[in-house]
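Report on one structure; see the data block that follows.
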Amino acid sequence: MRKIILAGNWKMYKLVAEAQEFLRGFLPHLSSTPEEREVVLCAPFTALSNLSQSLQGMRVLLGAQNIHWEDAGAYTGEVAGPMLVELGVRYAIVGHSERRQYFGETDATVNQRLLAAQRHGLTPILCVGETKQQRDALETESHIFRQLEADLVGVDQNNLVIAYEPIWAIGTGDTCASEEANRVIGLIRSRLSNPNVTIQYGGSVKPDNIDELMAQPEIDGVLVGGASLTPDSWGRIVNFKA
Ligand code: 13P
């Protein structure tokens, strides 16, 4: 059985007080969320400790937005697996296109980060996806297959989530058509050794397109940026109509 996972990626947003304010508005929405849906918030590192305390005993799981490949060391500005585990974090986004694009992350470092997450018992959410230019050049499939091949070396597919995030759809309001997202996610699944990996769609997911996306048979969840920042829109997303 594939798990349904709805994850918010807060990116570089929210002070601790703002995160608390968000929870006050959002938590009541969970009373109508079916039990089998997993709800995850990937908050900035600075809010994780506080959120972890507030969410104790709640069904919202915490995620980080990255993880370093070493357990400790002289790596200024990085955060290691044991530091996340100590805070009760369960997920770590790895290889987000913003990390690859602005911070020079490569498939080799993405692979190392995935392995580190698993070594510490965290579930990595691996992001893959093509640029507009690659899509226009009909390179979507070959690009994503290359990313999967390089990123997943030695990775345990029994503890993995993949997010298909077409870069042109991120933060643009230009959502990938649900049938097309479904098609690409089906292709991604066909390349995996474990067909039960949860594969999410990400890129301008909003309250007004979530039902349609989640109705697609290959789409097991979503990774949401902007629309996860406000309690009511995130509430509507986790309570998508099946
Ligand atoms: P938006 O939902 O803001 O388009 O961001 C998607 C994303 O990058 C999630 O990781």
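Only this structure's heavy atoms are used, side chains among them; waters, hydrogens and symmetry mates stay out. In this chain, numbering begins with 1 at the start of the sequence shown. Numbering of ligands and ligand atoms starts at 1, following listing order.
Through direct or indirect side-chain contacts shorter than 4.5 Å among Ile, Leu, Val, Met, Phe, Trp and Tyr, V161 is connected to I5, V40, L61, Y91, I93, I125, L223.
Annotation: side chain to side chain contact (heavy atoms under 4.5 Å, CB included) contacts of E86 (sequence neighbours excluded): none. Among residues two or more places apart in sequence or in another chain, the salt bridge (charged side-chain N to carboxylate O under 4.0 Å, His left out) test is passed with R191 by none.
Of the N and O atoms on the side chains of W168 and E130, at least one donor lies less than 3.5 Å from an acceptor on the other residue.
Sorted by chain and number, the heavy-atom contacts of ligand 1 below 4.0 Å come from N9, K11, H96, E165, A169, I170, G171, G203, S204, L223, V224, G225, G226.
Taking the six-membered ring where the residue is Trp, W234 and F26 present tilted rings, their angle falling between 30° and 60°.
Between the side chain of R100 and the main chain of G95, a donor-acceptor pair closer than 3.5 Å is present.
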